[in-house]
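We number each residue from 1, following the sequence as shown. All figures in this text were calculated on a predicted structure; none of them were measured in a lab. Values below: every heavy atom of this structure, side chains too, minus hydrogens, waters and symmetry copies.
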Amino acid sequence: MTDITNTPAAEHEAQLGDYFALLKPRVMQLVVFTALVGMLAAPHSVHPVVGFASILFVAIGAGASGALNMWWDADIDAVMRRTAKRPIPAGKVQPGEALAIGVALSGLSVMMLALSANLLAAGMLLFTILFYAVLYSMWLKRATPQNIVIGGAAGAFPPVIGWIIATGSFSVEAWLMFALIFMWTPPHFWALALFMRSDYDDANVPMLTVTHGRPATRRHIIAYTVLLAVLAVGTGFTAIGGYIYLTAAVILNALFLLGAYRIWQRDETDAEADNYLVERKFFRLSLYYLFLHFGAILIEATLRPYGLGGW
């Protein structure tokens with residue numbers, strides 16, 4: 001938890017870029033893209049102005065979650081190499097400012113999404129913000145090695161919200177997109193933890209690499225990757241799939257399985273530098289993996305009205 005009294009005073013007056021960094025723009029990109037795909041893949045069309053406004057408010061909600069997360073995690077961010085330059089531990093933004101921004105943007109995004117889209121979409125956005133900021137950041141992250149498994153649901157809700165913006169209801173297809181992100185999250189972050197383990201050790205965060213060791217983490221990665229591959233390829237035969245998506249899914253999951261297998265076959269006798277190289281490659285592939293799957297879903301949705309997408 002952030003100790004506001006022990007946080008160093010700002011080194012200089014915060015710039016606009018420092019406040020923008022609070023919103024975790026890289027995470028926001030994924031949220032915006034998957035929410036947009038969820039909205040466009042839905043069977044009902046949305047007026048462009050309504051759609052643009054709604055996705056904008058989802059993005060603001062994602063930024064609010066990021067600010068609240070940075071406020072709460074400032075103490076551990078300060079001791080991790082990967083996060084030490086974030087605005088609060090770097091002394092560029094004060095914790096109280098981050099908290100105020102997070103709360104204000106949360107209220108604004110939920111209220112405006114209710115006005116631009118519907119109450120169900122706004123309710124799901126509020127639930128997502130609370131899930132990430134409270135359930136994951138304040139509890140799961142520091143309490144259990146399953147933190148990223150359960151907490152990964154927060155990043156999986158955006159396509160569901162996008163679908164609800166268009167339809168006002170839930171559907172199997174929306175939850176398939178949710179499941180795709182949910183199952184992708186653990187191997188993605190565990191690969192990161194494998195080559196950044198010292199960070200989590202220093203911060204006393206109970207990632208799987210810390211509590212169960214590297215061999216167990218490798219076994220978990222390949223197990224989740226196998227389940228993810230079955231889910232991803234199977235989605236190709238549903239209403240949001242098609243020939244284009246199925247082709248992309250088969251190729252991407254073959255590569256992902258190969259990467260997971262290479263991680264799994266490693267042991268502690270291998271050169272550490274070699275392990276890092278394999279793990280970094282898998283992590284890098286995981287970044288493209290999700291964007292390309294959702295990109296294929298978007299292509300199918302775009303072509304479907306012309307009789308070219310889907311089955």
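Note that NZ of Lys141 is 4.0 Å distant from CD1 of Ile76, once rounded to the nearest 0.5 Å. Note: Leu285 CG to Leu290 CG = 11.5 Å, rounded to the nearest 0.5 Å. Taking CG of Leu257 as the reference point, atom OG1 of Thr225 lies at 6.5 Å (rounded to 0.5 Å). In this structure, the separation between CD1 on Ile263 and CD on Glu279 is 5.5 Å, given to the nearest 0.5 Å. Rounded to the nearest 0.5 angstrom, Ile88 CD1 and Thr83 OG1 are separated by 11.0 Å. Taking CG of Leu208 as the reference point, atom CZ of Arg214 lies at 12.0 Å (rounded to 0.5 Å).
Under the 3.5 Å distance criterion, with hydrogens and angles disregarded, a donor-acceptor pair is assigned to the side chains of Glu173 and Ser171.
Sorted by first and then second residue, the ring pair (Phe, Tyr, Trp, His ring centres under 6.0 Å) pairs with a member in residues 35-60 form an empty list; sequence neighbours excluded.
For Ser116 (side chain) and Met112 (main-chain N/O), a donor-acceptor pair under 3.5 Å exists by modelled atom type. Not a single donor-acceptor pair under 3.5 Å links the side chain of Thr211 to the backbone N or O of Pro145. Between the Tyr245 side chain and the Ala232 main chain, a donor and an acceptor come within less than 3.5 Å of each other. No side-chain donor-acceptor contact under 3.5 Å links Asn253 to the backbone of Val250. Checking side-chain atoms of Trp139 against main-chain N and O of Val134 turns up no donor-acceptor pair under 3.5 Å. Thr238 places no side-chain N or O within 3.5 Å of a backbone atom of Gly234 that could act as its donor or acceptor partner.
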Item to check | Test log, rule side-chain contact (heavy atoms from CB on, under 4.5 Å), inputs Phe33 and Gln29 | outcome: CA-CA 6 Å; Phe33 182 60; Gln29 289 175 4; over 6 Å; no
Next on the checklist: If you apply the rule side-chain contact (heavy atoms from CB on, under 4.5 Å), what do you find for Ser54 with Leu113, and how did you get there?
Outcome noted: CA-CA 6 Å; Ser54 297; Leu113 186 60; 3.8 Å; yes
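With ring centers used as reference points, Trp190 lies under 6.0 Å from Tyr224. When ring centroids are compared, Phe131 and Tyr136 stay outside the 6.0 Å threshold. Taking the six-membered ring for Trp, Phe282 and His188 have ring centres at least 6.0 Å apart.
Smallest separation of non-hydrogen atoms from Ala156 and Val160: O-CG2, 4.3 Å. Shortest non-hydrogen contact noted between Ser106 and Leu68 is OG-CD1, 3.9 Å. Considering all non-hydrogen atoms of both residues, Ala193 and Met207 come closest at CB-CE, 3.9 Å. Across all non-hydrogen atoms, the minimal contact from Thr167 to Pro43 is CG2-CD, 4.0 Å. Residue Ala41 comes nearest to Ile297 through the heavy atom pair CB-CG2, 4.1 Å, listed as atom of the first residue, atom of the second, then distance. A pairwise comparison of heavy atoms in Ile60 and Ser109 identifies CG2-CB, 3.8 Å as the closest pair.
Annotation for Tyr243: atom OH does not count as buried by contact number, only 12 or fewer foreign heavy atoms lying within 6.0 Å. Remark: Arg304 CZ is packed, more than 12 non-hydrogen atoms of other residues, nucleotides or ligands lying under 6.0 Å away.
Taking the six-membered ring for Trp and thresholds of 30 and 60 degrees, Trp264 and Tyr261 have ring planes inclined between 30 and 60 degrees apart.
Between Phe294 and Leu180 there is a side-chain heavy-atom pair separated by less than 4.5 Å.
Ile222 and Leu231 end up in different hydrophobic clusters when Ile, Leu, Val, Met, Phe, Trp and Tyr side chains are linked at under 4.5 Å. At a threshold of 4.5 Å between side-chain heavy atoms, the hydrophobic network of Ile, Leu, Val, Met, Phe, Trp and Tyr places Leu23 and Val27 in one connected group.
Ion pair Asp73/Arg142 flagged as a salt bridge, since at least one NZ, NE, NH1 or NH2 atom sits closer than 4.0 Å to an Asp/Glu carboxylate oxygen.
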